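One structure is given below, encoded as structure tokens.
One-based numbering, in listed order, for ligands and for the atoms of each. Owing to the predicted nature of the structure, the values given are computational and were not obtained by experimental measurement. Position 1 is the first residue of the sequence, and the numbers go up from there.
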Amino acid sequence: MNLPPPESATPRWTRQHWLLAGLSALLGTALIAIVPGFANAIRVSAAETRPAMLSLALPLPPVSAADQSRLGIGWQFVRVHSGQTLGAVFGQLGLSATLMQRLLDASTAKTALIRLHEGQELAFELDGKGQLRTLQFDQGAEQRVSLSVEGSAIHERIDTRPVEHRVEIAAGTISSSLYADGARAGLSSGAINDMANIFKYDIDFVEDVRDGDTFQVVYEELWRDGQRSGSGDIIGATFNNRGKHYTAFRFERGGKTEYFDETGRPLKKALMRIPIEFARLSSTFGMRNHPVLGRMRMHKGVDYAAPTGTPIMAAGDGRVKFVGWKNGYGRCVEVDHGQGRSTFYGHMSAWGKEKIGQHVDQGNVIGYVGMTGLATGPHLHYEFRVNGTQVNPLTVTMPKPEPLVGAEFLRFRATTAPAVAKLLLAEKNIRVAVR
Ligand SMILES: [Zn+2]
């Protein structure tokens, strides 16, 4: 089996805008030794994942017309339709029910053959007379089964195809949008979403991101048989936003995966600054001419314009204090977060499932954007209250979560060191490239 070429040929980022703040100063240069040979590879599979690939020798790649022509005319590929049975597939290929039964009897993977699902792929190798030589199919995500017919005997072979986690690095500069520039850097939309989610406590990706902001992401991709089969987690990332340097590293504690900055402080705050994704800040906190009433009035919250039905999340863990209708605010919800803090959400088109007194977790959907009450268009009116008094949620100092300490912090530094080294080296590369 051929390995795909490493993806190191084309750096996919804009060099000249690169900002070099941050990590190097924090972490020193000793870590460079961890990833030798990284020098010219901006987006390359980590070398340590290669041996697993080389040990695989499986003849059947995922099915496509191109694969078929590559493998030769003897192979017939069948993609199972909804409700199609193995018997129907055999009939379609002119193969007998008796042969099918013999194969089923001989196979230890019988269940995988009987319980076909829509989209599943089967490969049949036929000889010149249309007789079956080999049947190949997958058993679960990691096993490929081959049944070979040799006269009256049937031989079964099962090859294990482990899902391989490859470590990749992508880097880019914002010039149009997070999505466009992330995609240009080689990130999947899932990975871009993950990055936005990881940094959302500190960066408002709709309002704060500017041209010239830069990002670097070390992430996993799942591969099988030399083919990308999905995206994994982000392991580490940096984001330079308007001159401020943010870092994030994946770390597991107490069985839960969380993201921490390089000092070991959790990125997840007790309260999200913005309880809605990808909405536009349409009105800030303070005095303004009321859009409906037409006179100057204090605006005691911030407004986020978003399409009707956009989910609204609880900004933090807490208890539902109010669900109901209030004059100007229409359908609204208030969540009590303890220590005198609460958040209030107005103009909803619909409430979530939670009732007054119920516990909500940060990120739970408590309602949907609408324009009930006094509103000129669909938006979320969001208030942050301290002891019942509204304060500006965009400038209020959020309580900082406790950082990792002691042995746990040491474990954090050890487990995140490879990702740190990759980010550091990418920054060094760019510095060399810019010169
Ligand atoms: Zn408002």
Side-chain angles (χ1 to χ4, degrees), residues 196 200-209 269-356 358 360-399:
K200 73 180 171 196
Y201 298 97
D202 296 302
I203 303 170
D204 174 353
F205 279 95
V206 177
E207 293 295 322
D208 293 346
V209 172
K269 306 286 193 288
L271 289 167
M272 290 193 272
R273 207 171 276 284
I274 301 155
I276 185 170
E277 283 182 326
F278 306 114
R280 180 176 58 84
L281 181 68
S282 55
S283 183
T284 52
F285 190 90
M287 289 302 288
R288 67 163 183 183
N289 198 358
H290 194 278
V292 176
L293 302 175
R295 53 186 148 87
M296 289 304 282
R297 251 175 74 145
M298 182 67 187
H299 186 227
K300 293 177 174 176
V302 290
D303 292 348
Y304 289 101
T308 297
T310 302
I312 297 165
M313 296 172 283
D317 296 355
R319 204 160 286 284
V320 178
K321 193 175 174 183
F322 180 82
V323 178
W325 188 284
K326 275 185 182 167
N327 294 331
Y329 297 118
R331 286 195 186 91
C332 55
V333 170
E334 185 172 0
V335 178
D336 184 349
H337 304 289
Q339 296 174 300
R341 282 190 288 263
S342 70
T343 50
F344 176 86
Y345 314 77
H347 305 310
M348 291 175 170
S349 58
W351 293 292
K353 292 192 186 78
E354 284 77 11
K355 307 272 180 292
I356 292 175
Q358 273 188 299
V360 285
D361 286 327
Q362 184 177 66
N364 282 171
V365 175
I366 52 168
Y368 301 88
V369 169
M371 50 181 294
T372 53
L374 286 178
T376 52
H379 73 278
L380 164 67
H381 170 87
Y382 175 53
E383 289 182 9
F384 190 94
R385 298 174 177 175
V386 180
N387 298 322
T389 304
Q390 293 89 344
V391 297
N392 187 349
L394 296 178
T395 56
V396 68
T397 307
M398 297 283 183

For this session: May I ask you to check if any N/O/S atom from H379 comes under 2.8 Å of the Zn ion (ligand 1)?
Result: no

For this session: Give me the ring orientation class for F344 and H381: parallel if the planes are under 30° apart, tilted from 30 to 60°, perpendicular past 60°.
Result: perpendicular

Problem set entry | Residues F285, M298; criterion side-chain contact (heavy atoms from CB on, under 4.5 Å); working and verdict | CA-CA 8 Å; F285 190 90; M298 182 67 187; 3.6 Å; yes

Problem set entry | Heteroatom of D303 nearest to the Zn ion (ligand 1) (N, O or S, atom name) | OD1

Exercise. Mind checking whether the Zn ion (ligand 1) has an N, O or S of H381 under 2.8 Å?
Worked result: yes

Problem set entry | Main-chain N/O of T310 paired to E277 side chain as donor or acceptor, under 3.5 Å | no

Exercise. Taking it one step at a time, do Q390 and F384 satisfy side-chain contact (heavy atoms from CB on, under 4.5 Å)?
Worked result: CA-CA 6 Å; Q390 293 89 344; F384 190 94; over 6 Å; no

